[in-house]
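The first residue of the sequence shown is numbered 1, and numbering continues consecutively from there. Since the structure is predicted, the reported quantities are computational estimates derived from the model, not experimental observations. Basis for what follows: all heavy atoms, side chains included, without hydrogens, waters or symmetry-related copies.
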Amino acid sequence: MASGLDELEEQPVDVRAEQGEIAVAEHVLERMTGLLAANRASAGMTPGQVGGRTVILIPQREPGVEKEANRQSRAG
């Protein structure tokens with residue numbers, strides 16, 4: 001019975017390289033999913049349902065937010 005290491009040595013190099021790329025892609029996907037969830041939570045944006053469709057609910061703006069946004073867009 002061959003050990004796990006023996007089996008890996010038998011695989012072609014390109015298959016092992018592709019497995020490594022897939023592992024990296026999975027790690028990036030998990031990290032991005034976490035970052036997006038954190039951004040949504042901090043922004044207060046939550047998914048909701050309107051007419052059976054999923055939408056992002058935008059929280060009410062605080063007084064003066066529009067003026068500040070205009071100043072930033074002109075300065076940027």
Side-chain angles (χ1 to χ4, degrees):
M1 186 162 136
S3 69
L5 184 57
D6 291 337
E7 290 175 14
L8 284 177
E9 289 175 354
E10 293 173 4
Q11 292 179 346
V13 174
D14 57 335
V15 172
R16 283 185 278 169
E18 189 170 326
Q19 287 174 336
E21 291 173 6
I22 290 171
V24 169
E26 287 174 343
H27 177 73
V28 169
L29 179 61
E30 289 173 10
R31 184 170 169 91
M32 293 302 297
T33 300
L35 289 172
L36 287 172
N39 284 344
R40 276 195 200 117
S42 69
M45 297 167 67
T46 55
Q49 292 278 323
V50 174
R53 298 181 124 190
T54 301
V55 297
I56 297 295
L57 302 176
I58 301 171
Q60 293 289 328
R61 291 186 178 172
E62 298 294 324
V65 171
E66 291 176 10
K67 292 178 184 176
E68 183 64 28
N70 284 336
R71 278 191 225 125
Q72 289 177 357
S73 66
R74 289 180 192 152

*Apply side chain to side chain contact (heavy atoms under 4.5 Å, CB included) to V50 and list each qualifying residue two or more places apart in sequence or on a separate chain.*
V55

*asked:* Using 0.5 Å steps for rounding, measure from the CG atom of D14 to the CD atom of Q19.
replied: 10.0 Å

*For T54, side chain to side chain donor-acceptor pair (under 3.5 Å) partners two or more places apart*: Q49

*asked:* Is there a continuous path of hydrophobic side-chain contacts, each under 4.5 Å between heavy atoms, that joins V24 to M32?
replied: yes

*Under the side chain to side chain contact (heavy atoms under 4.5 Å, CB included) test, which residues partner L29, sequence neighbours left out?*
T33

